[in-house]
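Down below is the structure, laid out as structure tokens.
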Amino acid sequence: MNKSNDSHNPDNRVLRILYLDDDPSDSQIFTSILSVMDPTGYIVSCVDNTALARVLLDRESFDIIVSDYRLDQTEGGTSTKFILEVLERSNYIPVVLTSGQTHLPLETELHAHMNQGRLRFIDKGALSVDGLGRIIKAQVNQYFSVLVADDDAATHKGVTDCLAVSNLHTFALRHAYSIDEARAEAVKTPADIYICDWQFGPDQSTDWLLELAESQPNSCIILLTGHEAAELPASILRMLGHRRISFHSKGDLIPARFEQHVMHHLNRMVGTHYSRN
């Protein structure tokens, strides 16, 4: 089921939601509530088992996962194993846990994530447009540290302008104008997201990108360039193929589009974890 309250408005960010519940009636209620949420549009994928949920995570990107805690047919009666996989293997996808029982004896492993804010609980009996909307928006409004590495001040401004207008995420930007400065910043305080110019220094940025990919495997790397991907060396193309970095044109630094690209790449990295196990 798809909905966007103004799909042609670039200021509206369409949320991608993975919904896991083995009760068709509850899935219908959930999508019905989403259908009148305003002003955020959504694309929701409903599945009734964790096996299919894993397949979708490996194939698609999602902004949030909403899962029923009690599942009759999978994972020993709960979705705990699947939820822990998502929370422990990704720093980026938040989770909302639902149940028709108000006083659940949640597993100990889930409590730590709930205390940290990565996991929230909502009672199915109390679902409402306002309540569900607040919880979803609170969960996707995450904080990300970003290091922008480029010797062109205009690119720094373009990236800043794109990410500063987000109403769903907080991007704390730091800036480096040379490879040496970028290396020092990355060592001093690792970032969640690295946005790097390809034409950066005499050796381009190949060596630094390979260093980052090895030393910070959970970080997202966005490669900015005006050149075609075919011109990149084989070592970088392999990283593209394995989802370690993504490619984005400097000529396409448009706020809504660039944020969506960044979040899409963050979520694709979760699929990399699943496909390697």
Could you go through Met263 and Phe144, starting from their C-alpha distance and side-chain angles, then the distance that decides it, and tell me whether this counts as side chain to side chain contact (heavy atoms under 4.5 Å, CB included)?
CA-CA 10 Å; Met263 298 310 299; Phe144 299 100; 3.8 Å; yes

Side chain to side chain contact (heavy atoms under 4.5 Å, CB included) between His175 and Thr160: does it pass, once the steps are laid out?
CA-CA 10 Å; His175 300 272; Thr160 300; 3.4 Å; yes

Pair Thr80, Tyr69 - check side chain to side chain contact (heavy atoms under 4.5 Å, CB included), show working.
CA-CA 7 Å; Thr80 300; Tyr69 178 63; 3.4 Å; yes

After noting the C-alpha distance and the side-chain angles of Leu56 and Arg54, does the key distance pass the side chain to side chain contact (heavy atoms under 4.5 Å, CB included) rule?
CA-CA 5 Å; Leu56 287 183; Arg54 289 185 178 96; over 6 Å; no

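A heavy-atom distance below 4.5 Å is found between the side chains of Asp252 and Arg257. Leu223 is not listed as a side-chain neighbour of Asp197, based on a closest heavy-atom distance of 4.5 Å or more. Taking 4.5 Å as the limit, every side-chain heavy atom of Val146 sits out of range of all side-chain heavy atoms of Tyr194. Put simply, the side chain of Leu212 does not reach to within 4.5 Å of the side chain of Leu210, judged on heavy atoms. At a threshold of 4.5 Å between non-hydrogen side-chain atoms, the residues Thr31 and Cys46 count as touching.
If you run side-chain contact (heavy atoms from CB on, under 4.5 Å) between Ile65 and each of Leu97, Ile17, Leu18, only Leu18 comes through.
Clustering ILVMFWY residues whenever any of their side-chain heavy atoms sit less than 4.5 angstrom apart, transitively, puts Tyr177 in a cluster other than the one holding Leu224. In this structure, Phe121 is a member of the same hydrophobic cluster as Val86, with clusters built from ILVMFWY side-chain heavy atoms closer than 4.5 Å. Under a hydrophobic clustering in which Ile, Leu, Val, Met, Phe, Trp and Tyr are joined whenever their side-chain heavy atoms come within less than 4.5 Å, directly or via other members, Ile29 and Val96 fall into the same cluster.
In this structure, CD1 on Ile179 lies 8.5 Å from CG on Asp207, to the nearest 0.5 angstrom. Atom CG of residue Asp68 and atom CG of residue Asp48 lie 11.5 Å apart, to the nearest 0.5 angstrom. Atom-to-atom distance recorded for Leu147:CG and Ile193:CD1 is 11.0 Å, nearest 0.5 angstrom. Rounding to the nearest 0.5 Å places CG of Leu20 at 8.5 Å from OG1 of Thr98. We find the CD-CG distance between Gln28 and Asp23 to be 10.5 Å, quoted to the nearest 0.5 Å. Taken from OG in Ser45 to OH in Tyr19, the straight-line distance is 13.5 Å, to the nearest 0.5 Å.
Among residues two or more places apart in sequence or in another chain, the salt bridge (charged side-chain N to carboxylate O under 4.0 Å, His left out) test is passed with Glu181 by none. Residues satisfying the ring-ring contact (aromatic ring centres under 6.0 Å, His included) criterion with Phe258, sequence neighbours excluded, are His248.
Side chain of Ser145 to backbone of Asp192: a donor-acceptor contact under 3.5 angstrom is found. A distance-only check finds a donor-acceptor pair linking the side chain of Asp63 to the backbone of Arg16 [under 3.5 Å]. With hydrogens and angles ignored, the 3.5 Å screen pairs a side-chain donor or acceptor of Arg174 with a backbone N or O of Thr189. A donor-acceptor pair under 3.5 Å links the side-chain atoms of Ser219 to the main chain of Ala191, judged by distance alone.
Of all the heavy atoms in Val165 and Cys162, the pair that sits closest is CG2-O, 3.3 Å. The shortest heavy-atom contact between Ala53 and Val47 is CB-CG2, 4.0 Å. The two residues Ile83 and Ser67 make their nearest non-hydrogen contact at CD1-CB, 3.7 Å. Closest of all the heavy-atom pairs between Leu173 and Val159 is CD2-CG1, 4.2 Å. Among all heavy-atom pairs drawn from Ser166 and Glu259, the shortest one is OG-OE2, 2.8 Å. Here the closest heavy-atom approach between residue Arg183 and residue Trp208 is recorded as CG-CD1, 3.4 Å.
By the 4.0 Å N-to-carboxylate-O rule, Lys250 lies close enough to Asp150 to be salt-bridged with it.
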